[in-house]
J.: 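Submitted below is the structure of interest, expressed as structure tokens.
A quick note: this is a predicted structure, and the numbers were derived from the prediction, not measured. Basis for what follows: all heavy atoms, side chains included, without hydrogens, waters or symmetry-related copies. Here is how names work: the chains are called A, B, and so on, in the same order as the sequence lines, proteins then strands, and each is numbered from 1.
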Amino acid sequence: MARKAAGRPQEETLSLWKREQALLKTLVVDRDTEAWQRDLAFSGLQRVGGVDVSFVKGDSVSACASLVVLSYPELEVMYEDCRMVSLTAPYVSGFLAFREVPFLVDAVQQLREKEPRLMPQVLFVDGNGVLHHRGFGVACHLGVLTDLPCIGVAKKLLQVDGLENNALHKEKIRLLKGGGDSFPLMGGSGTVLGMALKSHDHSTKPLYVSVGHKMSLEAAVRLTHGCCKFRIPEPVRQADIRSRDYIRRTLGVQGAPALRPERSKKAQRPKACPQGASEEPAVSCCVINCSVKSTWQRTEPTCPSPCEGAILEVHPPALAVI
DNA sequence: GCGACAG
DNA sequence: ATCTTGTCGC
């Protein structure tokens with residue numbers, strides 16, 4: 001039952017996606033908007049969130065989208081939400097958000113409705129923020145659509161606007177002394193697009209941190225370091241671990257156990273969070289119309305009637321017409 | 001054929 | 001993202 005991912009989108013679709021990115025980009029706030037962000041100890045910060053999407057192996061459509069909320073500074077999981085989703089849009093570098101973000105927005109909206117007191121004060125996103133081909137990566141996209149402060153955390157350097165993972169870059173990495181050390185990533189225009197951060201003392205590969213929304217780069221880097229027990233910030237790491245686990249549990253019994261000769265060494269899992277009384281459908285209905293899926297469906301061959309003038313609804317009453 | 005290629 | 005085993009180090 002492994003469905004195949006759609007191929008590369010038509011040029012027209014990419015064109016619409018670019019227009020949408022340009023539009024939403026005007027709504028990005030790249031400075032601190034919250035009091036805790038300016039505090040040296042981040043006092044006032046109590047909840048940090050992380051999101052991730054993991055895939056079913058051999059299937060580029062079936063995936064598990066997860067949102068977790070951790071206490072700060074303890075970094076203990078307070079909330080976990082995993083759900084299976086079907087990703088219709090293909091992955092295209094520079095357009096990651098159009099594939100993954102609708103489901104992440106849904107997860108945030110579910111939390112907003114059911115457990116508003118657990119709403120995270122900042123979200124760590126797997127991927128870039130303004131360090132992007134057009135200055136609007138998935139962390140910006142999710143930030144604008146949810147109106148939450150977001151931090152983009154990528155594991156590899158996106159070589160864009162003159163940035164290169166060349167010998168000089170590697171040398172700068174080598175010179176990072178201890179956890180928390182970083183150096184700026186300057187784009188061709190002289191703008192600092194992000195920071196390469198050594199997330200802890202014994203990490204060779206840095207993290208690439210960039211602004212997503214409603215937070216300065218300085219605060220984003222400092223908080224990222226403050227959330228790293230290991231190389232990957234704990235919120236994203238937990239979202240990743242739990243979404244993979246969810247797929248294993250969901251697909252494990254019926255899957256092909258013979259193919260997995262059991263070589264696990266994982267000890268235990270806490271299991272103390274609202275993991276859904278599960279009356280929920282596999283895919284929740286879209287509460288926030290992020291127009292992403294509609295753009296995709298409207299444009300591709302499968303959809304006979306293209307309709308312009310769709311409306312984009314962003315969280316507070318920020319509206320925009322395509 | 002070769003380099004890029006967030007996830 | 002996922003495909004994949006062992007291995008070196010604390």
Side-chain angles (χ1 to χ4, degrees), chain A residues 2-9 14 17 21 50-67 84-104 123-143 150-167 169 185 187 193-197 200-212 220 224 229-233 236-237 239-248 251 255-256 259-265 292:
Chain A
R3 278 162 295 183
K4 217 179 161 200
R8 183 163 229 274
L14 293 183
W17 283 356
Q21 289 179 327
V51 293
D52 190 42
V53 176
S54 294
F55 294 82
V56 172
K57 59 179 178 185
D59 185 336
S60 48
V61 173
S62 303
C64 175
S66 67
L67 164 64
M84 294 304 298
V85 298
S86 294
L87 305 189
T88 58
Y91 169 68
V92 182
S93 178
F95 301 93
L96 172 63
F98 292 92
R99 177 163 166 80
E100 299 188 348
V101 102
F103 307 100
L104 302 178
L123 271 183
F124 284 88
V125 182
D126 213 334
N128 294 293
V130 300
L131 173 42
H132 178 266
H133 308 64
R134 289 162 296 281
F136 192 72
V138 64
C140 299
H141 208 130
L142 185 60
C150 283
I151 300 173
V153 181
K155 296 180 284 296
K156 295 185 286 196
L157 175 65
L158 183 56
Q159 304 190 137
V160 76
D161 194 22
L163 293 174
E164 277 186 298
N165 184 21
N166 53 24
H169 181 79
L185 301 166
L193 299 177
M195 295 276 224
L197 169 71
H200 73 104
D201 290 344
H202 298 291
S203 186
T204 302
K205 296 182 65 175
L207 291 179
Y208 296 96
V209 178
S210 58
V211 170
T224 299
K229 290 162 97 170
F230 303 102
R231 176 179 176 242
I232 305 299
V236 171
R237 182 169 165 270
D240 179 62
I241 289 173
R242 288 157 190 265
S243 58
R244 297 170 111 104
D245 240 35
Y246 187 86
I247 288 177
R248 277 199 46 184
L251 214 114
L259 296 179
R260 301 251 54 173
E262 169 68 79
R263 76 186 167 79
S264 104
K265 266 190 237 172
V292 172

J.: What is the separation between atom CZ on F103(A) and atom P on dA1(C), rounded to the nearest whole Å?
T.: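 Going from CZ in F103(A) over to P in dA1(C) covers 18 Å.
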
J.: Measure all distances between protein nitrogen or oxygen atoms and nitrogen or oxygen atoms of nucleotides 5-7 of chain B, and list the pairs falling under 3.5 Å.
T.:
residue	atom	partner	partner atom	Å
dC5(B)	OP1	Q159(A)	O	3.2
dC5(B)	OP2	Q159(A)	NE2	2.8
dA6(B)	OP2	Y91(A)	OH	3.0
dA6(B)	O4'	N128(A)	ND2	3.3
dA6(B)	N7	G94(A)	N	3.1
dA6(B)	N6	G94(A)	O	3.2
dA6(B)	N6	F95(A)	N	3.2
dA6(B)	N6	L96(A)	N	3.2
dA6(B)	N6	H132(A)	NE2	3.2
dA6(B)	N1	V138(A)	N	3.2
dA6(B)	N3	N128(A)	N	3.1
dA6(B)	N3	N128(A)	ND2	3.4
dG7(B)	OP1	K155(A)	N	2.9

J.: Please walk me through it: do L104(A) and L123(A) pass side-chain contact (heavy atoms from CB on, under 4.5 Å)?
T.: CA-CA 11 Å; L104(A) 302 178; L123(A) 271 183; over 6 Å; no

J.: Assess whether side-chain contact (heavy atoms from CB on, under 4.5 Å) is satisfied between L163(A) and L158(A), documenting all intermediate values.
T.: CA-CA 8 Å; L163(A) 293 174; L158(A) 183 56; over 6 Å; no

J.: Tell me whether the centres of the aromatic rings in F98(A) and H141(A) are closer together than 6.0 Å.
T.: yes

J.: Let me know the distance between NE2 of H200(A) and P of dC10(C), rounded to the nearest Å.
T.: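 H200(A) atom NE2 is separated from dC10(C) atom P by 14 Å.
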
J.: For a quick test of reading the model, state the closest non-hydrogen atom pair linking E164(A) to H169(A) and the distance between them.
T.: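 Looking at all heavy atoms of both residues, the closest pair is O-CB, 3.3 Å.
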
J.: Specify the separation, in whole Å, of atom CG of D161(A) and atom C1' of dA4(B).
T.: 16 Å

J.: Quick one: do K155(A) and D126(A) make a salt bridge, cutoff under 4.0 Å?
T.: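 So K155(A) pairs with D126(A) through a salt bridge.
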
J.: Between atom CG in D59(A) and atom C1' in dT2(C), what is the gap in whole Å?
T.: 11 Å

J.: What integer distance in Å separates D201(A):CG from dC10(C):P?
T.: 14 Å

J.: Take atom CG of L104(A) and atom C1' of dA1(C), then tell me their distance rounded to the nearest Å.
T.: 14 Å

J.: How are the rings of H202(A) and H200(A) set to each other: parallel, tilted or perpendicular (split at 30° and 60°)?
T.: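 Because their plane-to-plane angle is over 60°, the rings of H202(A) and H200(A) count as perpendicular.
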
J.: Roughly how far apart, to the nearest Å, are dC5(B) and dT2(C) at atom C1'?
T.: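 After rounding to an integer number of Å, I get 15 Å for this pair.
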
